[in-house]
Amino acid sequence: MSKIVKKVKERLRDFRRPGYYKEFEYNWTMVIDLDKCNGCEACVVACHAENNLPIVGKDECSKSRAFNWIRIERYVEGEFPNVKVKFIPIMCQHCNSAPCELGCPVYATYHNQDGLNVQVYNRCVGTFTCATYCPYDVRRFNWFTYKWPEPLDQQLNPDVTVREMGVMEKCTFCIQRIRVAKDRAKDENRKVRDGEVVPACVQSCPTGALVFGDRNDPKSRVAKLAKSPRRFRLLEGLNTDPSVIYLKRVMKKSGSKKHGEHG
Amino acid sequence: MDTIKKLVLCAVIAVVTFGIGYKVSDAYFGNRTPAQPIEFSHKIHAGDNQIPCMYCHSYAERSRVSGVPNVKRCIGCHSVIKPDSPEIQKLKNYWENKEPIPWVKVYNLPDHVYFPHKRHIKAGLECQMCHGDVQSMDRITRVSSLKMGWCLSCHTRKKVKNGRDCWTCHI
């Protein structure tokens with residue numbers, strides 16, 4: 001009896017363990033070059049437009065219910081004449097061993113075969129566990145059912161569901177665009193090419209700081225950039241193994257006067 | 001003992017009533033055969049005259065939706081064929097007023113489902129597998145439940161690659 005219980009427990013653990021897939025078919029990865037990011041927030045706007053995100057307004061933001069799947073964190077260092085500002089775009093890191101996946105009581109969030117952290121809106125009951133577990137604070141909760149008044153409802157993306165009240169959501173790496181690329185690839189009986197999938201944030205980035213692709217393909221741009229000596233990942237100490245790789249910003253030391261103002 | 005018997009009886013009655021009610025509501029109030037603005041008969045077109053499905057629903061091979069043919073396609077044949085029939089007169093009215101025909105959608109999937117017709121046709125499925133024996137229907141009846149279990153039963157049986165992943169169909 002105890003043997004069976006043990007076996008079942010092992011199976012369950014296998015199932016629930018993030019990174020259940022030992023190898024991903026595609027390992028979607030985003031590389032963000034912080035040296036190129038100038039904090040213009042074009043990615044935030046593009047994400048809002050692409051993924052039918054509601055505009056929650058000032059009141060909700062003041063209750064720390066700001067709604068965005070990607071946000072620009074800014075770090076200001078130093079006193080006035082010698083100010084350095086650093087920007088860092090943060091979206092769902094699609095961790096390969098994600099803390100959020102452990103907590104969900106209804107399996108609304110899990111890891112799929114492409115290395116994506118899936119959020120299933122239909123299953124979500126809004127227990128908020130995933131948002132509590134997430135160390136990056138990227139999950140957003142629909143406190144209300146937002147309406148798009150006429151004629152703004154015309155701007156909604158038909159490929160993306162409009163979420164309702166009580167559902168947790170987060171960045172999907174623009175799964176609808178991945179899906180289109182995969183569809184095209186399947187027609188031509190090949191794998192998705194590098195640069196074929198372009199999420200909204202990547203598309204809109206004016207400086208090209210964001211790069212998206214499949215890390216399993218060694219010739220892809222992300223695979224090459226991921227080997228850069230500047231690479232780091234957010235909160236690496238937590239061992240979440242994120243799929244978003246940042247390239248460190250190279251700055252002159254604060255003593256240097258020439259570039260002091262610009263940072 | 002008596003109370004247990006009573007409880008069991010109550011439970012059985014409840015289950016049976018629920019089952020009957022469910023079936024009845026599904027069959028009579030689900031409206032699987034809605035009335036259309038024009039009494040268009042698939043039996044005459046696809047059955048008797050052997051017009052292939054893709055002649056009118058031409059987008060099924062290359063897009064998510066199979067598409068309803070535009071009025072031009074209807075009028076293309078019907079300016080010659082049976083132009084005096086009363087149903088064709090309705091069609092002519094739409095054509096002359098430059099209005100689309102307000103067909104009632106029979107197979108209506110919710111918005112949170114991504115269902116590409118293209119993929120299913122390229123996989124070699126027949127239209128009749130989901131839409132039933134259309135060529136013998138005068139007015140289209142929905143034959144499949146369009147529930148997720150129904151989709152998954154096929155995906156499981158045919159061992160579709162990634163066919164059971166949530167993000168294959170949802171978002």
Side-chain angles (χ1 to χ4, degrees), chain A residues 15 20-21 24-26 28 50-53 69 92 94 101 104 106-124 153 156-164 167 169-189 191-192 199, chain B residues 53-54 57-68 70 100 102-103 105 107-127 129-130 144-171:
Chain A
F15 190 69
Y20 175 60
Y21 298 90
F24 298 123
E25 198 185 337
Y26 295 98
W28 299 118
E50 172 76 17
N51 292 305
N52 301 341
L53 297 195
W69 286 2
C92 173
H94 290 270
E101 288 165 8
C104 186
V106 291
Y107 297 103
T109 179
Y110 71 96
H111 223 66
N112 82 347
Q113 73 283 337
D114 288 352
L116 295 174
N117 183 262
V118 174
Q119 174 71 24
V120 190
Y121 306 134
N122 311 50
R123 277 185 188 168
C124 183
D153 56 344
L156 290 175
N157 186 353
D159 293 336
V160 182
T161 322
V162 179
R163 280 82 53 184
E164 281 189 354
V167 171
E169 59 186 64
K170 62 162 191 76
C171 163
T172 62
F173 269 173
C174 282
I175 180 68
Q176 68 277 10
R177 296 189 178 204
I178 294 176
R179 199 181 270 156
V180 168
K182 272 188 171 177
D183 196 54
R184 207 182 303 132
K186 208 171 181 181
D187 280 347
E188 293 165 18
N189 206 3
K191 280 197 109 181
V192 176
Chain B
C53 308
M54 304 290 179
H57 303 286
S58 54
Y59 303 109
E61 280 177 309
R62 51 196 161 101
S63 131
R64 272 173 75 170
V65 290
S66 63
V68 175
N70 45 19
W103 298 112
K105 209 172 177 186
Y107 288 83
N108 202 0
L109 276 175
D111 279 348
H112 57 257
V113 183
Y114 168 82
F115 175 83
H117 272 85
K118 173 186 167 188
R119 275 271 72 82
H120 290 82
I121 286 180
K122 290 221 167 157
L125 296 193
E126 293 286 321
C127 307
M129 254 189 94
C130 306
S144 36
S145 69
L146 300 187
K147 283 179 182 159
M148 194 172 122
W150 174 74
C151 295
L152 277 180
S153 68
C154 195
H155 274 202
T156 315
R157 197 169 60 244
K158 301 213 164 195
K159 295 200 174 68
V160 179
K161 196 183 171 196
N162 304 339
R164 287 170 65 82
D165 184 40
C166 300
W167 267 4
T168 300
C169 311
H170 289 298
I171 269 244

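Each chain gets a letter, A, B and so on, in the order the sequences are listed, and its residues count up from 1. Please read all numbers here as calculations on a predicted model, not as lab measurements.
Contacts between Ile178(A) and chain B at a heavy-atom distance below 4.5 Å are absent for every atom of the residue. With a 4.5 angstrom heavy-atom cutoff, Asp159(A) touches chain B via backbone and side-chain atoms both. Interface remark: Glu25(A) contributes side-chain atoms only to the contact with chain B (heavy atom separation under 4.5 Å). No part of Arg163(A) comes within reach of chain B, as not one of its non-hydrogen atoms sits under 4.5 angstrom from that chain.
Taking each heavy atom of Pro158(A) and Arg64(B) in turn, the nearest pair found is O-NH1, 4.5 Å.
In summary, Lys122(B) and Asp183(A) do not engage in a salt bridge, as defined by a charged side-chain N under 4.0 Å from a carboxylate O. With respect to Arg62(B) and Asp187(A), no salt bridge is recorded, no charged nitrogen being found less than 4.0 Å from a carboxylate O.
Atom CG of Asp111(B) has 12 or fewer heavy atoms from other residues, nucleotides or ligands within 6.0 Å. Annotation: Glu188(A), atom CD; neighbour count of heavy atoms from other residues, nucleotides and ligands within 6.0 Å is above 12. Within a 6.0 Å radius of CZ in Phe115(B), other residues, nucleotides and ligands contribute more than 12 heavy atoms.
Contact of the Trp167(B) side chain with the Thr172(A) side chain is registered, since non-hydrogen atoms from C-beta on lie closer than 4.5 Å. Looking at heavy atoms from C-beta onward, Ile175(A) lies out of side-chain contact with Tyr114(B) at the 4.5 angstrom threshold. The side-chain heavy atoms of Arg179(A) and Pro116(B), taken from C-beta on, include no pair separated by under 4.5 Å. Residues Gln119(A) and Ile171(B) have side chains not in contact (no heavy-atom distance under 4.5 Å, counting atoms from C-beta outward).
Residue Lys161(B) holds its NZ atom at 8.5 Å from CD of Gln113(A), rounded to the nearest 0.5 Å.
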Start with the C-alpha gap between Asn122(A) and Met148(B), add the side-chain angles, then the distance that decides, and say whether side chain to side chain contact (heavy atoms under 4.5 Å, CB included) holds. CA-CA 11 Å; Asn122(A) 311 50; Met148(B) 194 172 122; over 6 Å; no
